[in-house]
Student: 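My questions will all concern the structure given below.
All residue numbers refer to positions in the sequence shown, counting from 1.
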Amino acid sequence: MDATALARQLLGPIPAHVTLGLEVVRAADGAAEVAAEVPEALTNVIGSLHSSGLITLVDAAGLAAFVAAVEDPDGFAGVVPLGAAAELRFLAPARGRLVASCRLEDEALAAVRAL
């Protein structure tokens, strides 16, 4: 199911997402892509997106993938997704339009859909 509209509805009002200018590009079948242009107000001393903004982008990609796992729009009602673990490495300065994606593996997708 294409859950892009649902992901936009759920993620759009989150204050950190509004501040970042987050856009849900796509959310379907347990996979999602989000994007944002780096706002100057959120840059660090070298002019790249501050790590807190990067974490917001990564977290939003994971949330959107979780939303994209639903097979029915009402299937997400009452669900509160909370992450248990993540790993993030900063390899280069983040400037311009940034895109983050997340795809749930088959086992995770099945577990989410069972909820």
Student: Please list, one pair per line, the donor and acceptor atoms closer than 3.5 Å that link side chains of residues 4-17 to other protein atoms, with sequence neighbours excluded.
Tutor:
| from | atom 1 | to | atom 2 | distance (Å) |
| --- | --- | --- | --- | --- |
| Thr4 | OG1 | Asp2 | OD1 | 2.6 |
| Thr4 | OG1 | Ala27 | N | 3.0 |
| Thr4 | OG1 | Ala27 | O | 3.4 |
| Arg8 | NE | Val24 | O | 2.9 |
| Arg8 | NH2 | Val24 | O | 3.0 |
| His17 | ND1 | Leu11 | O | 2.8 |

Student: So, do Leu20 and Pro39 sit near enough that their side-chain heavy atoms are less than 4.5 Å apart?
Tutor: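 Yes, close enough: below the 4.5 Å cut-off.
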Student: Report whether Val58 and Val18 are members of the same hydrophobic cluster (ILVMFWY, side-chain heavy atoms less than 4.5 Å apart, transitive linking).
Tutor: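 Different clusters.
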Student: Check whether any side-chain heavy atom of Asn44 lies under 4.5 Å from a side-chain heavy atom of Leu49, and answer yes or no.
Tutor: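 No, too far: nothing below the 4.5 Å cut-off.
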Student: With rounding to the nearest 0.5 Å, note down the distance linking OG in Ser101 to CZ in Arg26.
Tutor: 8.0 Å
Student: Between Phe66 and Val112, what is the shortest heavy-atom contact and its length?
Tutor: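 For Phe66 and Val112, the tightest heavy-atom pair comes out as CE1-CG2, 3.4 Å.
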Student: Please round to the nearest 0.5 Å and tell me the distance separating atom CG of Asp29 and atom CD of Glu71.
Tutor: 9.0 Å
Student: Looking at side-chain heavy atoms only, is the closest gap between Val38 and Leu42 below 4.5 Å?
Tutor: no
Student: State, to 0.1 Å, how close Ala3 and Val70 come at their nearest heavy-atom pair, and which atoms those are.
Tutor: CB-CG2, 4.4 Å
Student: Is there side-chain contact between Val34 and Val25, with at least one heavy-atom pair below 4.5 Å?
Tutor: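 Answer no - side chains too far apart.
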Student: At their closest point, which heavy atom of Ala61 faces which heavy atom of Cys102, and how far apart are they?
Tutor: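 In terms of heavy atoms, the two residues are closest at O-CB, 3.5 Å.
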Student: Going by atom type alone, with no hydrogens or angles, which donor-acceptor pairs under 3.5 Å involve a side-chain atom of residues 91-99 and a protein atom two or more places apart or on another chain?
Tutor:
| from | atom 1 | to | atom 2 | distance (Å) |
| --- | --- | --- | --- | --- |
| Arg95 | NH2 | Ile46 | O | 2.7 |
| Arg97 | NH1 | Glu23 | OE1 | 3.4 |
| Arg97 | NH2 | Glu23 | OE1 | 3.2 |

Student: Tell me if the CG atom of Asp106 is crowded by more than 12 foreign heavy atoms within 6.0 Å.
Tutor: no
Student: Do the side chain of Arg113 and the main chain of Ala69 share a donor and acceptor less than 3.5 angstrom apart?
Tutor: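 Looks like yes, one N/O pair under 3.5 Å.
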Student: Counting C-beta onward and ignoring hydrogens, is there a side-chain heavy-atom pair between Thr56 and Leu22 closer than 4.5 Å?
Tutor: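 The answer is no; the side chains never approach within 4.5 Å.
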